[in-house]
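Report on one structure; see the data block that follows.
Bear in mind that the values here come from a model prediction, so they are computed numbers and not experimental data. Just so you know, ligand 1 is whichever comes first in the structure, and atom 1 is the first atom listed for that ligand.
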Amino acid sequence: MNAAALEAFLKDVARDVGPDAVNVSAETIARYGENTMPGGDRPPAAVVTPSSTQHVQAIVKAANAHKIPLYPISTGNNIGLGSRSATLAGQVVVDLGARMNRVLEVSERLGYAVVEPGVSYQMMHDELVRLGNRYMVDVTSGPPQGGVIGNALDKGAGYGPYFDHFGTACGMEVVLGNGDILRTGDGALASDTPTNWHTSKYSYGPVIDGLFAQSNYGIVTRMGMWLMPRPPAVRSFHFAFPDDGDLEEIVELCRPLKMSNFVPTLFRLANDLYLCGSEGESPEYRANPRKAMSDEGRRALRERHGLGAWTVSGAFYGASAEAVEPMIRRVRDVFERSGKARYISHEEAQAIGPLQVAINAFSGVPSHGELGLLKWRPGGGNTWFLPGTPMDGKVANEFQALCRKIYEDNGLDYMVMNVCSARFARGLHVIVFNREDEDERQRADACYKKMSEAVASRGVFVGRAPIDYHAFHMQQTAASFQGACNGIKQALDPNGVIAPGRYGIG
Ligand SMILES: Cc1cc2nc3c(=O)[nH]c(=O)nc-3n(C[C@H](O)[C@H](O)[C@H](O)COP(=O)(O)OP(=O)(O)OC[C@H]3O[C@@H](n4cnc5c(N)ncnc54)[C@H](O)[C@@H]3O)c2cc1C
């Protein structure tokens, strides 16, 4: 990057936003460049911290004037997908969360909140508790400090009825790459008080909100999100299955229960190492660092934690534990017909760490438990491969065999949770590796790419990706898709100042 242009840009930002808003200290640069992926750290050129939409607009205008690439983050906790790192080293990180972290509104009558980018799941949860705990926020099972805007914009998801975080976002304020401030949905009305901004999702004209998910066309400075009334009782149910191949039958059992919406949550269908992996370091890795965990080792872990080769979790909501008991009875009837399912009750699950994580996720309570996965191997490496599978047991099982083998060929431990809705399951594959070991880094990278190519050759794409692979995945798309994405970029951000390269655009 041109050093004089950067200096002139930072001078403009210090003038318009304040000298405290510019940080170029070596410690800051190193910290914002860190991530957990195989591709290495990506130190930014500087970090700037606006405290209002007008500040963001001033930063974008200065970036246009001096042709400086920006990279917006909300809280920068996208661990395994990029953390705080920019797509390319040398971009200027715009840390929105540092000073724009207010809950602007909670409407208890209409069940929504309006937040700034720094509002995390933990902050939102705490605010709702403070207000009387009448509503709950649909949380992820990732870091409680993760932001609700950052997550929604990356098409993140939770596990309750409001699991689709972009789908339940309503009404945004966005600073476009050209410096304009845009309000989406009913907020588009030329009025200072758009009444239905955060209640009406599909308003007049095109659904422009969608352009800001997994893209680089603008910087979102506020967003409405819908909240679910907190039910008096949340009761979970769990079933452990003994064999890897049981996946086929489990998917067939889950599908009708979701398609009829009898079960209101998504099913968390996790394999042994995904669940046991958050409970401590691999007992085999240090003796055998180039090999995947043995079958005997996996069996021993399952027994120690009371889990299956696959464990299914879901929950019901109701007026009381007794009121939902008949629903749990019906689900038990369905699963136990298989002859292989071992039922684990809500009370038993509360004593099993990884199942308590599921209960928290269904209950709108942020928790740290799943972060234990990051310590399964030493060296702090983890990255996520996130393809989808149709809810067809045979296909899901084929994909399992395919990906399990690729992990094993690369000496890595197969860890996956299929998050099942009616027709589709997102396969959360976590690749945990020793980032300090160059050979293992390369194997983690090879594992990711091999799986991507293997599923793509069967017509399956990822739904979200680590920044290491944005350009790689864009290359997998059709030319017309690339043309449309780049054409929109040109229209909304003609100088390409916002996150060039994010999701492979611009
Ligand atoms: C163990 C573990 C479990 C996890 N479980 C889940 C899970 O269940 N569900 C899930 O969805 N995720 C999960 N994650 C991933 C992750 O933690 C969250 O999705 C994350 O916290 C996203 O929010 P953020 O504020 O940190 O986003 P950020 O890191 O701030 O941003 C995410 C992306 O969005 C862009 N962006 C952010 N804010 C803006 C903005 N205001 N305007 C324009 N672009 C913006 C950024 O450029 C970045 O590319 C998990 C991670 C781990 C390690």
Side-chain angles (χ1 to χ4, degrees), residues 32 35-37 50 53 56 60 70-87 91 93-98 100-101 115-124 138-160 163-166 169 172-177 211-223 266 268 270 274 277-278 354 357-358 360-361 366-376 380 382-384 386 415 417 419 426 428 430-432 463-467 470 493 498-503:
Y32 279 77
N35 61 67
T36 61
M37 299 173 304
T53 301
V56 175
V60 170
L70 305 174
Y71 188 80
I73 59 169
S74 279
T75 71
N77 279 294
N78 217 11
I79 301 169
L81 294 158
S83 305
R84 288 175 293 273
S85 262
T87 310
Q91 298 180 342
V93 169
V94 183
D95 184 350
L96 298 147
M100 295 176 73
N101 48 27
V115 296
E116 291 187 324
V119 173
S120 66
Y121 286 99
Q122 189 67 57
M123 288 162 74
M124 194 66 234
D138 190 273
V139 298
T140 74
S141 47
Q145 294 75 21
V148 299
I149 289 189
N151 181 268
L153 294 180
D154 214 25
K155 297 190 200 153
Y159 304 91
F163 71 92
D164 175 0
H165 294 172
F166 191 76
M172 292 177 185
E173 177 184 73
V174 191
V175 178
L176 298 177
L211 292 180
F212 303 102
Q214 295 192 355
S215 70
N216 55 8
Y217 303 138
I219 298 180
V220 176
T221 49
R222 72 180 257 168
M223 188 186 87
L266 300 183
R268 287 168 61 102
Y274 190 98
S278 56
V357 168
N360 287 341
S367 60
H368 286 97
E370 214 163 286
L371 294 175
L373 276 173
L374 311 188
K375 297 192 185 140
W376 172 249
N382 87 95
T383 195
W384 296 84
L386 303 165
M415 296 176 149
M417 175 160 71
V419 186
R426 177 69 64 211
L428 312 184
V430 57
I431 303 174
V432 182
R464 188 176 174 189
I467 56 172
H470 284 183
D493 182 13
I498 298 189
R502 180 166 192 255
Y503 277 89

Exercise for review: Hey, can you tell me if Tyr217 and Phe212 have their rings parallel, tilted or perpendicular (30° and 60° cut-offs)?
Suggested key: perpendicular

[X] to ligand 1, any heavy atom closer than 4.0 Å:
X	answer
Arg464	yes
Gly97	no
Gly158	no
Pro72	yes
Trp384	yes
Tyr159	yes
Ala157	yes

Judged on heavy-atom distance to [atom], which of [options] sits nearest?
atom	options	answer
atom 40 (C) of ligand 1	Val94, Ile73, Leu153	Leu153
atom 35 (C) of ligand 1	Arg502, Arg222, Met172	Arg502
atom 20 (C) of ligand 1	Asn382, Ile79, Asn78	Asn78
atom 17 (O) of ligand 1	Gly146, Gly142, Ser120, Pro143	Pro143

Exercise for review: Just let me know how Ala361 lines up against ligand 1, side chain, backbone, both or neither, with a heavy-atom cut-off below 4.0 Å.
Suggested key: neither

Exercise for review: Please state which part of Leu96 comes within less than 4.0 Å of ligand 1, counting heavy atoms only: side chain, backbone, both or neither.
Suggested key: side chain

Revision key, fill the gap. Closest non-hydrogen contact found for Ala499 with Pro72 is CB-CD, 4.1 Å

